[in-house]
There are 2 protein chains.
Amino acid sequence: MSVLDKSNKEKLILEVAQKRFGQYGVEKISMQEIADDLKLSKASLYYYFPDKESLYKAVVEKEQHEFITSITERILSIKEPDKLLREYVNTRLSYFRTLLNLSRLRLEAYSDLKPVFRETMIQFKAKEKEIIVKIFKDGVSKGIFFINDPVMTASLFLDLLKGLRISVVNDKKTLFIDDEEYSKLLYNTVAFTDIFIKGMSIK
Amino acid sequence: MSVLDKSNKEKLILEVAQKRFGQYGVEKISMQEIADDLKLSKASLYYYFPDKESLYKAVVEKEQHEFITSITERILSIKEPDKLLREYVNTRLSYFRTLLNLSRLRLEAYSDLKPVFRETMIQFKAKEKEIIVKIFKDGVSKGIFFINDPVMTASLFLDLLKGLRISVVNDKKTLFIDDEEYSKLLYNTVAFTDIFIKGMSIK
DNA sequence: ATCCTGACTATTTTGTTTAAATAGTCAGCT
DNA sequence: AGCTGACTATTTAAACAAAATAGTCAGGAT
């Protein structure tokens, strides 16, 4: 079942769960609490979602979908590849923050990720990479970027962004990022993107 | 007491500990085992080092010292800043691998680091930064690099390198990096350095 | 005085049991 | 089809015991 063809009730449940998970993280919210929020019994909640994992997965996929939709929209309105890339890293960072709140445990680590999530994550990474590859290739064809291997370079770019994100989280015990840390991360990310763009640009 | 003015016995102990910690990590090697290696009683080992932490700290500082010495040597023989930077990332990466073996737990994370280590780590980061700043400033004065804020850019560069390293480790349960992963990390690091250098170079 | 040791104690880690919390099921009602 | 109370199954947390290892010390050897 796709994100698009859900019943109203399911959508409502997803919204409530999204809000709750976003506030305290999956492992701190019980199914009972979500049911209470919906003024529903827990058993009824299980009528819609077979288990907690699938509910969480649906919320994560909803977030992913919202991010991809949002960024795809912008792609249509922005013409310059470099501007586009800057826009991308911005949006991506706020999405990162959302995901962080959603789980409150090292979300970007494959290691202790259940197979179900591994798959959705791989899919997301593929979409993400596709977007960046498109931007890079566009830049090349417009004569702005000089890139030998756009696919490899896209991977590298995404790895570096991820690295910056992880660096911040890795240094902390409590998996939460405050405004100050966020703006510092944003600053670093922007500075990095500038240099990277310059590094790819025709001299 | 500096790394330089230790008794022969202390040096020997450090070598043995360095080897042992390097093989299995600190937490998997007992003081008894190190003492056995040295054909010494555990109590004697404690005669030289007041506790395990200080022994471990001494080993880490030895490694740091070896790295800094090694890289400083190269700085003297290499003239071109870009070549120097490439040399740096190479050496730094092999040092990373050593440290990884030494602890086998997220060493680069400040969070659960005892104050003693936090200090030596801060010192090391400062030295590291100093080296990069020097390389950058040299590049600027030689008219090769164009950098507005060399200090900030050095921080960013080091953060990005760290990010790439952490990305690899973060995805794993077992904190060990094999040859294949290492060469992939090296490849990414080199590719990144190339783009970064280009991004800093005068057009 | 320097270096070393066996025999000790203190602390940390690991394993085990039990209790509590929460996930998940189901027969049956509306 | 959608919902529920009352149930069971699993997971997590707390408490305790046992094992491993860190760390101490009085005193012996050189």
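Chain letters run A, B, ... following the sequence lines, proteins first and then strands; every chain starts at 1.
Across B/Phe136 and B/Pro150, no two heavy atoms sit closer than the pair CD2-O, 3.9 Å. Counting all heavy atoms, side chain and backbone alike, A/Val169 lies closest to A/Phe96 at CG2-CZ, 3.7 Å.
Remark: C1' of D/dT10 and NZ of A/Lys52 are 13 Å apart, rounded to the nearest angstrom. Rounded to an integer number of Å, the gap from A/Leu55 CG to C/dT22 P is 16 Å. One can place CG of B/Asp36 at 12 Å from P of D/dT21, the figure rounded to the nearest angstrom. Between A/Leu12 atom CG and D/dG2 atom P there is a gap of 14 Å when expressed in whole angstrom units. The nearest whole Å value for the distance from the CD atom in A/Gln32 to the P atom in C/dA20 is 19 Å. When the C1' atom of C/dT12 is taken as reference, atom NZ of B/Lys28 falls 14 Å away, rounded to whole Å. Separating the CG atom of B/Asp51 from the C1' atom of C/dA10 is a distance of 14 Å, rounded to the nearest angstrom. Going from atom CE of B/Met31 over to atom C1' of C/dT5 covers 16 Å, rounded to whole Å.
Ionic pairing of B/Arg92 and B/Glu128 is present here: one or more N-O contacts between side-chain nitrogen and carboxylate oxygen are shorter than 4.0 angstrom. Under 4.0 Å is where a charged nitrogen must lie from a carboxylate oxygen, and between A/Lys134 and A/Asp138 no such pair does.
At the heavy-atom level, B/Ile34 lies nowhere under 4.0 Å from the strands shown. Residue B/Leu45 is classed as having no contact, given no heavy-atom separation below 4.0 Å to the nucleic acid.
Below the 3.5 angstrom threshold, one finds a donor paired with an acceptor across the side chain of A/Lys42 and the base of C/dG24.
In this structure, A/Ser44 does not reach the D/dC3 phosphate: none of its side-chain N or O atoms is under 4.0 Å from OP1 or OP2. When the side-chain nitrogen and oxygen atoms of B/Tyr47 are compared with OP1 and OP2 of C/dC3, one or more of them lie within a distance under 4.0 Å. B/Tyr46 has a side-chain polar atom (N or O) that falls below the 4.0 Å cut-off from OP1 or OP2 of D/dG23. A sub-4.0 Å separation between OP1 or OP2 of C/dT2 and a side-chain N or O of B/Tyr48 is absent.
Under the 6.0 Å distance and 45° angle rule, B/Arg74 does not count as a cation-pi partner of B/Tyr88.
The side chain of B/Ser30 has D/dA22 as its nearest neighbour among C/dC4, C/dT22, D/dA22.
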